[in-house]
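Reading through the structure tokens given below for one structure.
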Amino acid sequence: MERHPSVKTVSYERDYDPYSIKRDKELEDFFNEADINVRTFGTHVLYEPTQVLEKNGGVAPLTYQGFLKVVNKLGKPGFPIPPPTKLPGFFDLQKILNCNEGIEFAGPNKTFDVPAIQELGFETPLYRSPHHGGESVALQMLDKYFLDKTKVLTFEKPNTSPAAFDPASTTVLSPYVKYGCLSVRLFYQRLMDIYRNQSHSKPPVSLEGQLFWREFYYTAGYATPNFHRMEGNPICLQTNWRLKEKDDVDEEASKHLEAWRDGTTGFPWIDAIMNQLRQEGWIHHLARHSVACFLTRGDLYISWERGAEIFEYLLLDADYFLNFGNWLWLSASAFFHQYFRVYSPIAFPKKYDPEGNFVRKYVPQLSQFPKKYIYEPWKAPLEVQRKANCIIGKDYPKPIVEHDVIV
DNA sequence: ATGGAAGTTGTTGGA
DNA sequence: ATCCAACAACTTCCA
């Protein structure tokens, strides 16, 4: 790295995961060495983990209610900072940096365009997600969702359907918050604008509560060494999962993991969710619950770390703290311990989508199946399967395990 | 300190 | 339709 003579100050946003902490520390050492001022800000959270820890005697609250008590003591979160009225453009930058030659980081068109994925050396992806990035898109989505004030005021997560699509039942703003297209502080203030003088749902299930869940995991994850692993993680239950290590040799478990990832478990609800995830990069929170429970304690008994790795790769909104925190939760390894509350891949979706429309969309082989068998097609008589143009075991897989007889 | 209550959002079967 | 108890590999918190 080299210092450009006109650079006097560098500003950046503080980050809290182990990779970012290490990276920022190295950069800061370099800047100090080069006599460059460093200014950092912590505004992509409502409360910085350090603040919460300090208020709670140096330890992270491990229950949501405990977390709420601490942030109540901290008072209202900070306001978003208004956007700058003016930013230097390309030619200004050239002037400021006093360089005449084309700046290589301006891209092939010298316009700071986002390069195509192929230019970065990746293959053309199999799927094209319907979710598009950017701040303008995020703000439009926020406006649109907030048009229905009753929906916002009465929002209760367990009452939003994981089977809804076009439109989804929740905001789908998580990828934008993750990448900084939408400030969580702006989201919070816009929400407060609607809450003001109105009765509204409350945490943990409310929309406000969802933002606090994010904060909860940030604090817990920041305070916990090896948060993303079982080994060496002091809050994680030590369990003898299958595929506990990435390179463990267990042929059957590896096949099960692939089937889970590829949506070929033979459980339509699970497969539909995983297909939506691979194709679109976003799935509803309760859909995440369903497949995470299925992979770990519910059915396949495979390590939550394997699931978290796949989620991290496939999710547009993958966030270190939220992803690993939720996997700890769903596998009943930390935060949540009522292992006997297992999501059924049959009974659970029936509550939200008795017609099976979600399955029909994301597992098209089953689109003609009668609703009676849509979540357990292996039970359909052969005559029914023929009529639906889908023979189980040929056109769609038989279930890889029996849900009821997991030990 | 120790026992009871609570813990984001389970399922089943019965009244 | 709605509520409730039972199921029964738990852990944390707090009075």
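Residue numbers begin at 1 in each chain, while the letters A, B, ... track the order of the sequences.
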Q) Quick one: A:Tyr64 OH to B:dG7 C1', roughly how many Å, whole number? A) 13 Å
Q. Who pairs with A:Lys244 by side-chain hydrogen bond (donor to acceptor under 3.5 Å, both in side chains), at least two apart in sequence or on another chain?
A. none
Q.
Among A:Phe212, A:Phe335, A:Tyr222, which residue satisfies the ring-ring contact (aromatic ring centres under 6.0 Å, His included) criterion with A:Tyr217?
A. A:Phe335
Q: Round to the nearest Å and state the distance from A:Leu68 atom CG to C:dC14 atom C1'.
A: 17 Å
**Q.** A:Asn56 CG - C:dC14 C1' separation (whole Å)
**A.** 14 Å
Q | salt bridge (Lys or Arg N to Asp or Glu O under 4.0 Å) partners of residues 309-324 of chain A, not counting sequence neighbours, each pair once | A | A:Lys246-A:Glu309, A:Arg288-A:Asp317, A:Arg306-A:Glu309
Q. A:Glu376 CD to B:dT11 P: how many Å, rounded?
A. 13 Å
(Q) Taking the P atom in each of C:dA5 and B:dA5, what is the distance between them to the nearest angstrom? (A) 14 Å
Q) Checking ring-ring contact (aromatic ring centres under 6.0 Å, His included) against A:Trp378, which of A:Phe369, A:Phe267, A:Tyr396, A:Tyr373 comes through? A) A:Phe267
Q: Keeping to residues at least two apart or across chains, list the ring-ring contact (aromatic ring centres under 6.0 Å, His included) pairs with something in residues 153-182 of chain A.
A: A:Phe165-A:Tyr362
Q: Would you indicate what A:Lys351 reaches in the nucleic acid, counting non-hydrogen atoms under 4.0 angstrom: base, sugar-phosphate, or nothing?
A: sugar-phosphate
Q) What distance, rounded to whole Å, do you find between the two C1' atoms, one in C:dA9 and one in B:dT2? A) 23 Å
Q) Within the side chain of A:Glu13, is there an N or O that forms a donor-acceptor pair under 3.5 Å with the backbone of A:His44? A) yes
Do any N or O atoms of the protein come closer than 3.5 Å to N or O atoms of nucleotides 3-6 of chain C, and which pairs are they?
none

Q: For A:Glu156 and A:Val205, indicate whether the former's side chain and the latter's backbone hold a donor-acceptor pair under 3.5 Å.
A: no
Q: Using the P atoms only, state how far C:dT11 lies from B:dT11, rounded to an integer number of Å.
A: 22 Å
Q. NA contact type, A:Gln65, heavy-atom cut-off 4.0 Å: base, sugar-phosphate, or nothing?
A. sugar-phosphate
I'd like a list of close polar pairs between nucleotides 10-13 of chain C and the protein, N/O only, cut-off under 3.5 Å.
{"unit_1": "C:dC10", "atom_1": "OP2", "unit_2": "A:Tyr339", "atom_2": "OH", "d": "3.0"}
{"unit_1": "C:dC10", "atom_1": "O5'", "unit_2": "A:Tyr339", "atom_2": "OH", "d": "3.3"}
{"unit_1": "C:dC10", "atom_1": "O4'", "unit_2": "A:His337", "atom_2": "O", "d": "3.4"}

Q. For the side chain of A:His285 and the base of B:dT8, is some donor closer than 3.5 Å to an acceptor across the two?
A. yes
Q. Looking across every strand, which nucleic acid part, if any, lies under 4.0 Å from A:Phe335 by heavy atom: base, sugar-phosphate, or nothing?
A. nothing
(Q) Under 3.5 Å for both pairing distances: what stems, at least three Watson-Crick or G-U pairs long, include DNA chain C? (A) B:2-7 with C:10-15, B:10-15 with C:2-7
Q) Taking the six-membered ring for Trp, are A:Trp304 and A:Trp329 ring centroids under 6.0 Å apart? A) no
Q: Measure the distance from CZ on A:Phe348 to P on B:dT8 and round it to the nearest whole Å.
A: 17 Å
Q.
Strictly distance-based, threshold 3.5 Å: is any side-chain N or O of A:Asp17 a donor or acceptor partner for the main-chain N or O of A:Tyr320?
A. no
Q: Take atom CG of A:Leu328 and atom C1' of B:dT8, then tell me their distance rounded to the nearest Å.
A: 16 Å
Q: Grab the CZ-C1' distance between A:Phe294 and B:dG10 for me, whole Å please.
A: 16 Å
Q. Within 45° of the six-membered ring axis of A:Tyr375 and under 6.0 Å from that ring's centre, is NZ or CZ of A:Lys350 located there?
A. no
Q) Considering only the P atoms, how many Å lie between C:dA8 and B:dG3, rounded to the nearest integer? A) 24 Å
**Q.** Heavy-atom neighbours of A:Glu251 CD exceed 12 at 6.0 Å
**A.** no
Q) So, for A:Gln365 and A:Cys390, which heavy atoms are closest and what is the spacing to 0.1 Å? A) O-CB, 3.4 Å
Q. What is the distance, rounded to the nearest whole Å, between atom CZ of A:Phe336 and atom C1' of B:dA6?
A. 13 Å
